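Structure record follows, encoded as structure tokens.
First the proteins, then the strands, lettered A, B, ... as listed; each starts at 1. Source: prediction; values computed, not measured.
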There are 2 protein chains.
Amino acid sequence: MKTMSTMLKANDLAVTAQRAAVMEFLHGNTDHPSVDTIYKRVKKRFPYISRATVYNTVKTLTRAGLLQEVLVQQDKTRVDSNVSRHHHFKCLRCGRIEDVPYDILTAKHVGEHAKSYHVEEVRVVMEGRCKQCR
Amino acid sequence: MKTMSTMLKANDLAVTAQRAAVMEFLHGNTDHPSVDTIYKRVKKRFPYISRATVYNTVKTLTRAGLLQEVLVQQDKTRVDSNVSRHHHFKCLRCGRIEDVPYDILTAKHVGEHAKSYHVEEVRVVMEGRCKQCR
DNA sequence: CATATGAATTAGAATAGTTCTAAACTTAGA
DNA sequence: TCTAAGTTTAGAACTATTCTAATTCATATG
Ligand SMILES: [Mn+2]
Ligand SMILES: [Mn+2]
Ligand SMILES: [Zn+2]
Ligand SMILES: [Zn+2]
């Protein structure tokens, strides 16, 4: 609970139990969970939490740079607690989304290939089979 | 109307006026329109078309490889009548989505960098400012 | 050309994900 | 401790999409 409140304070956000619980669940989680997954999970320890609070919290923390949203094909939003720049690998068989290091392909790198574009960000989604699904 | 019915027949799909109208609107269109945009546009010349038909048509034509869907951050689906492999550039200012040639970054190319992944497809979304927005 | 059969279309209902609302409650600061 | 601003809540509202079941249409066959 210490780190969470420190991070919230550092971003001028009120420290609330709900925010801390959401952050705690997400901390170190590499699953890219949906809002509903977060909601159901946090609800176990926090029975009165509202879905709206989870949505609000995700939005607030995202604006503060403490979370990001994964670029995925139209379905529900997937939340990413890894806010370092990185890419994603989506398994075409099991649907799992894995992190891929950014240096595999940086915006600079891409910008060199794509000289006619003014590239500030590059988001790469690789698709294939994950190790378990080969 | 000739080309459209030929393409439908080649894919064992019944030739209907609605399908042809959707295909005609999309043909040569580089805007990546939403289903609702297609619906409203086609409705002008075809007042009784149903939204469900547009959804059905987009799904059917996508399965047949005559259309694809653009990878975008959670909002409505964007339809792409350019089914060659290519990437996209999204303007962070005006939101426009432009096509980017595939050879700038192929799956093979990316696979060489990312040796530990079994990459079959790669989808790249570059972000920055388009020419009009610089 | 007439007919039959399966496929496609339609309007509207249903569903899913997300945002909004307004009242009640909490936090943080004076 | 008091206050003002910010947060939480349940549920309504909204938006995109899918489903339903009745109707219409396209195509194959005679
Ligand atoms: Mn990630
Ligand atoms: Mn495109
Ligand atoms: Zn897998
Ligand atoms: Zn622009």
Gap between atoms CG and P, on Leu8(A) and dT8(D) respectively (whole Å): 10 Å
Comparing nearest nucleotides in DNA chain D, the 5'-proximal residue of the pair Lys9(B), Asn56(B) is Asn56(B)
Within less than 4.0 Å of OP1 or OP2 of dA7(C), is there a side-chain N or O belonging to Thr16(B)? no
Please report the distance, rounded to the nearest Å, between CZ in Arg19(B) and P in dT10(C). 11 Å
Considering only heavy side-chain atoms of Tyr55(B), the closest of dT9(C), dT17(D), dA10(D) is dT17(D)
Of all the nucleotides listed (dT10(C), dT27(D), dT9(C)), which has the minimum atom distance to the side chain of Tyr48(B)? dT10(C)
Determine whether a donor-acceptor pair (N or O, by modelled atom type, separation under 3.5 Å) exists between the side chain of Arg19(B) and the backbone of Ala14(B). yes
Tell me whether Asn29(A) contacts the main-chain N or O of Asp31(A) through its side chain, where contact means a donor paired with an acceptor under 3.5 Å. yes
Side chains of Lys59(B) and Tyr55(B): any donor to acceptor distance under 3.5 Å? no
Under 4.0 angstrom between Thr53(A) side-chain N/O and dT9(D) OP1 or OP2: yes
Rounded to the nearest Å, what distance is computed from the CZ atom of residue Phe46(B) to the C1' atom of nucleotide dT10(C)? 12 Å
Could you verify whether a donor N or O on one side chain and an acceptor N or O on the other, from Asp99(B) and His32(B), lie under 3.5 Å apart? yes
By nearest heavy atom, map Asp12(B) and Pro47(B) onto DNA chain C; which one lands nearer the 5' end? Asp12(B)
Using whole Å, what does the distance between atom C1' of nucleotide dA10(D) and atom CD1 of Ile49(A) come to? 13 Å
Assign Ala14(A) to base, sugar-phosphate, or nothing according to its heavy-atom contacts below 4.0 angstrom with the strands shown. sugar-phosphate
Is there a path of hydrophobic side-chain contacts, each under 4.5 Å between heavy atoms of I, L, V, M, F, W or Y residues, that connects Ile49(A) with Leu26(A)? yes
Report yes if a side-chain nitrogen or oxygen of Ser34(B) is closer than 4.0 Å to either non-bridging phosphate oxygen (OP1 or OP2) of dA16(D); otherwise report no. no
Nearest-nucleotide pick for Thr57(A), side chain only, options being dT17(D), dT8(D), dG11(D): dT8(D)
Measure the distance from CZ on Arg51(B) to C1' on dA16(D) and round it to the nearest whole Å. 9 Å
Whole-Å distance between dA8(C) C1' and Met23(B) CE? 15 Å
CD of Gln18(B) versus C1' of dC25(D): gap in Å, rounded? 9 Å
The helix from dC1(C)-dG30(D) to dA30(C)-dT1(D): angle between its terminal axes, five pairs each, to 10°? 30°
Which whole-number value in Å describes the distance from Arg78(A) CZ to dG17(C) P? 11 Å
Side chain His87(A), main chain Leu105(A), donor-acceptor under 3.5 Å: yes
Determine whether a donor-acceptor pair (N or O, by modelled atom type, separation under 3.5 Å) exists between the side chain of Lys115(B) and the backbone of Glu112(B). yes
